[in-house]
*Asks:* 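One structure coming up, written as structure tokens, with questions to follow.
Every chain is numbered from 1 and lettered A, B, ... according to where its sequence line falls, protein lines coming before strand lines.
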There are 2 protein chains.
Amino acid sequence: MSPRTEKQFENIREEKKNLIMNVALELFADEGFYGTTISKIAKKAGISKGLLYNYFESKDDLIRTIIFSGLDDLDEFIDPDRDGLLTGEELTFAIDKLFDLMKGDIHFWKLYFSLFMQTPVLRLVEGRLQEIVGKYISMLTAYFESRNCDDPEAEALIFGAMLDGIGMHFIANSVNFPIERVKKRLMELYAK
Amino acid sequence: MSPRTEKQFENIREEKKNLIMNVALELFADEGFYGTTISKIAKKAGISKGLLYNYFESKDDLIRTIIFSGLDDLDEFIDPDRDGLLTGEELTFAIDKLFDLMKGDIHFWKLYFSLFMQTPVLRLVEGRLQEIVGKYISMLTAYFESRNCDDPEAEALIFGAMLDGIGMHFIANSVNFPIERVKKRLMELYAK
DNA sequence: TTTTTTTGATTGAACGGTCAGTCAAATATA
DNA sequence: TATATTTGACTGACCGTTCAATCAAAAAAA
């Protein structure tokens, strides 16, 4: 004899969990993992500190859940049940969509890039991250193979690194970065 | 008279200061600024916690000194009293030297890349960092202008971002990264 | 040579503050 | 009333930082 139906509780829990995750993502991205306290997250989300521990086991569990969720979205973007092959036009489209993805979720991407160099936090998620990075490098390698490059793997690594570098600069300073001009030049270079 | 000459004391201080800075750089790069405690630094350096405060005012002062020192080296590398112009051959040479620089000081570069996304730590050094990044972008813009590119600034930003991206991947996983093949391809693309 | 004095480097216990995490009690609803 | 959510004071560990006391080495004195 629950006071609320199971469905009602589930909705409450889902909503609160998302609220906490969104607020925490923003703070982790802006202030870093160690610079963000549980109290700050709770305050900004308008809940108590204790409640957070009703939804997440620990601070580690919280950031791990946030990053895994974002990586799942990224995985979906990279490999949405496709044939694995990529034409020049598809690459144009993918580049366009990737930067839209970034623009729409700047906080996650800030966190994503900070991960690369932060060993202790990286350790929490490195398996899944490597899986995804590997997937996108091999997709690019296949693309450059199909275009008869001399060294498709090097080309793929350069292209992937370039996207990361541009993304990093874009996320670090999205106001001044001339993303449209850079995108145009990128497509001339690689998708024509 | 003094028990030791001024020169002797200076040498002792210089040596200890360098020891602390090297140990701290390594820890900051691996574990992050907030993940590194003063106790850890002292222990690894084989000194007491208190001694560190004889050489540095605070933890902030310590990392600021370390980063400024590295940025000065980078500045020296970018602009070693040169005419400002860059030929294709000089760019080839510069790329080569840049990756040597990275290989020789992986810890500093790890810290450098992590800076981009770490707002609170970035704030301690952002003025000097922007000065140097601006310098290298305008040098590249001049290079692409001299080669009659359609959009030299976009080209410079892409190239700069690419170097950062490649550097980031190289630093994150220097063992498996095929740096020589990537360098070769980079030179074909931009310096021929 | 041996002893005393002088110096700044060096130590580590101690301090105030902050953190992640806990838990007993209050609240809200069918 | 029964039950799951929610609260925030509380805890103990650990943080950066301080400082009175100690140490080691060299100059000066014996």
*Asks:* Salt bridge between B/K135 and B/D75, side-chain N to carboxylate O under 4.0 Å?
*Replies:*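 Here B/K135 pairs with B/D75 in a salt bridge, since their nearest N and O are under 4.0 Å apart.
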*Asks:* Taking atom P of D/dT6 as reference, at what distance in whole Å does atom CD of A/E15 sit?
*Replies:*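 So the two atoms are 11 Å apart, to the nearest Å.
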*Asks:* Check for me, please, whether A/L157 and A/L189 land in the same ILVMFWY cluster - side-chain distances under 4.5 Å, paths through other members count.
*Replies:*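 Yes, A/L157 and A/L189 fall within the same hydrophobic cluster.
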*Asks:* At less than 4.0 Å, is any side-chain N or O atom of B/R13 found next to OP1 or OP2 of C/dG8? Yes or no.
*Replies:*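 The answer is no; no side-chain N or O of B/R13 sits under 4.0 Å from OP1 or OP2.
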*Asks:* Applying a 4.0 Å non-hydrogen cut-off, can you work out what B/Y55 is touching in the nucleic acid: base, sugar-phosphate, or nothing?
*Replies:*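 Answer is sugar-phosphate: B/Y55 comes under 4.0 Å of backbone atoms only.
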*Asks:* Quick one: does A/K49 reach the base of C/dA20 with a side-chain donor-acceptor pair under 3.5 Å?
*Replies:*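 Present.
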*Asks:* Between A/L51 and A/G35, which is nearer to the 5' end of DNA chain C once each is assigned its nearest nucleotide?
*Replies:*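 With A/G35 and A/L51 compared, the 5'-side residue is A/G35.
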*Asks:* Whole Å only: how far is the CD1 atom of B/I47 from the P atom of D/dC23?
*Replies:*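 Atom-to-atom, B/I47 to D/dC23, this comes out as 18 Å.
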*Asks:* Please state how far atom OH in A/Y34 lies from atom P in D/dC15, giving the value in whole angstrom units.
*Replies:*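 In whole Å, D/dC15 P and A/Y34 OH are 11 Å from each other.
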*Asks:* Under 4.0 Å between a side-chain N/O of A/Y53 and OP1 or OP2 of C/dG21, yes or no?
*Replies:*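 Yes, within the criterion.
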*Asks:* Atom CG of A/N54 to atom C1' of D/dT3: distance rounded to whole Å?
*Replies:*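 Rounded to the whole Å, the gap is 13 Å.
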*Asks:* Give the nucleotide from the list D/dG8, C/dT22, D/dG16 with an atom nearest to the side chain of B/I38.
*Replies:*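 Nearest nucleotide to the side chain: D/dG16.
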*Asks:* Round to the nearest Å and state the distance from B/E57 atom CD to D/dT18 atom P.
*Replies:*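 It works out to 9 Å between those atoms.
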*Asks:* Of the listed nucleotides (C/dT10, C/dG21, D/dT6), which one gets closest to any side-chain atom of B/S48?
*Replies:*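 Minimum distance to the B/S48 side chain belongs to C/dT10.
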*Asks:* Rounded to whole Å, please give me the gap between CD1 in B/I63 and P in D/dT17.
*Replies:*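 From B/I63 CD1 to D/dT17 P: 13 Å.
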*Asks:* Rounded off to whole Å, could you give me the CD1-to-P distance for the B/I20 and D/dT17 pair?
*Replies:*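 The distance from CD1 of B/I20 to P of D/dT17 comes to 14 Å, rounded to the nearest Å.
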*Asks:* Test B/L115 against every option in B/L124, B/I63, B/V121 by the side chain to side chain contact (heavy atoms under 4.5 Å, CB included) rule and name the one that passes.
*Replies:*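 In the set B/L124, B/I63, B/V121, the residue that makes a side chain to side chain contact (heavy atoms under 4.5 Å, CB included) with B/L115 is B/V121.
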*Asks:* Which one, D/dT7, D/dG16, D/dT6, comes nearest to the side chain of B/K59?
*Replies:*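 It is D/dG16.
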*Asks:* Can you say whether the rings of B/F177 and B/H169 are parallel (under 30°), tilted (30 to 60°) or perpendicular (over 60°)?
*Replies:*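 Plane angle between 30° and 60°, so tilted.
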*Asks:* Tell me if a side-chain donor or acceptor on B/K184 pairs with a main-chain N or O of B/I179 at a distance below 3.5 Å.
*Replies:*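 Judged by distance alone, no pair lies under 3.5 Å.
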*Asks:* Figure out the NZ/C1' separation between B/K16 and C/dG8, and round it to whole Å.
*Replies:*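 To the nearest whole Å, that distance equals 12 Å.
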